[in-house]
Amino acid sequence: MPKNDSYSQGVQYPVLGDAPDMEAAMATLVNGLVPRLAMRFADANARAAALTGATKPVPGMITYLIAEDRWEGRQGDNTWLLLSDGPWQPLTYKTGYTAHSGSPGWRKKAGGGIELRGRVRKTSGGAFEDNGDLIPFASIPGSVAPAAYRYFQVPSKRITVSGVTRFTARVEVTTAGDLQYTVENGGGTGTSGDPGWIALDGIMFSPAGD
């Protein structure tokens with residue numbers, strides 16, 4: 001009768017008293033080891049196809065998804081937890097807005113959460129809207145949007161007509177994934193040569209269901 005490994009991991013190995021059956025002995029050993037290794041799959045769909053039925057995922061499994069370039073671990077609630085920061089993804093800009101610097105984008109964080117980065121400006125290099133309205137300037141996928149609006153005070157650069165520089169703005173992330181800003185009145189005589197900008201660095205929030 002096979003014995004269990006000395007580390008209490010449930011991996012069985014054959015003993016000399018077992019009836020000789022190399023295939024069965026090796027299958028028991030291999031199938032006991034593989035689920036405890038870092039398993040690699042082409043993508044999440046390939047993982048879902050492979051880990052089903054008798055080989056369904058169990059808590060403690062660790063996988064690497066090649067296409068998504070991410071590590072994930074199986075939790076006790078039968079969900080996958082991100083173990084490494086995901087790759088940066090670009091924002092989708094609203095008409096009239098574009099990247100300024102810092103490669104604006106979003107990514108999933110290890111352990112959960114969404115992070116934003118980069119600086120955004122008007123395409124024309126002109127002034128930001130400062131009439132008190134909330135102005136959509138970009139978006140992220142709805143699948144990573146928060147369950148409720150999230151509000152952030154962020155760095156900005158806007159020069160007023162009197163030459164005073166304003167250094168903050170408010171950015172909101174909506175439940176649909178829209179990013180929108182509001183700034184105090186009287187700022188933003190930016191030009192294409194010296195445009196005003198709003199920074200997204202440091203914005204982090206939990207997506208719905210995280």
request  = Hydrophobic side-chain clustering at under 4.5 Å (ILVMFWY, transitive links): who's grouped with L134? Put none if nobody.
outcome  =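 Same cluster as L134: nobody, lone residue.
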ask   = Hydrophobic clusters join Ile, Leu, Val, Met, Phe, Trp and Tyr when side-chain heavy atoms are under 4.5 Å apart, directly or via other members; which others share one with W71?
value =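 Besides W71, the cluster holds I62, Y64, I66, L81, L83.
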Run the side chain to side chain contact (heavy atoms under 4.5 Å, CB included) test against [X] and tell me which residues pass, sequence neighbours left out.
X	result
S101	R119
F167	T165
I135	Y97, E129, D133, Y181

Can you name the nearest heavy-atom pair linking [X] to [Y], along with the distance?
X	Y	value
P207	G113	CD-CA, 3.9 Å
P146	V173	CD-CG1, 3.6 Å
R121	F128	CA-CZ, 3.8 Å
D201	G118	OD1-N, 3.1 Å
L51	P57	O-CD, 3.3 Å
P59	G76	CG-CA, 3.9 Å

ask   = Is it true that D85 and K108 have a side-chain N and a carboxylate O under 4.0 angstrom from each other?
value =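 Salt bridge flag = no for K108 with D85.
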Okay, side chain of [X], backbone of [Y]: is any donor-acceptor separation there less than 3.5 Å?
X	Y	result
K122	A127	yes
T55	A50	yes
T52	A49	no

Flag side-chain contact, heavy atom, 4.5 Å: [X] against [Y]:
X	Y	result
E172	L179	no
L200	V120	yes
W88	E115	yes
W80	T63	yes
K94	S139	yes
V171	Y151	no

Is there a continuous path of hydrophobic side-chain contacts, each under 4.5 Å between heavy atoms, that joins [X] to [Y]?
X	Y	answer
Y93	I114	yes
L116	V144	yes
L82	L65	no

[X] side, atom [atom1]; [Y] side, atom [atom2] - distance, nearest 0.5 Å:
X	Y	atom1	atom2	value
H100	I198	NE2	CD1	11.5 Å
R117	M204	CZ	CE	13.5 Å
F41	E68	CZ	CD	12.0 Å
L91	I140	CG	CD1	8.0 Å
R107	K109	CZ	NZ	4.5 Å
W106	T92	CH2	OG1	10.0 Å

key: Results of side-chain hydrogen bond (donor to acceptor under 3.5 Å, both in side chains) for R70 - residues two or more places apart only   =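 Result, side-chain hydrogen bond (donor to acceptor under 3.5 Å, both in side chains) vs R70: E72.
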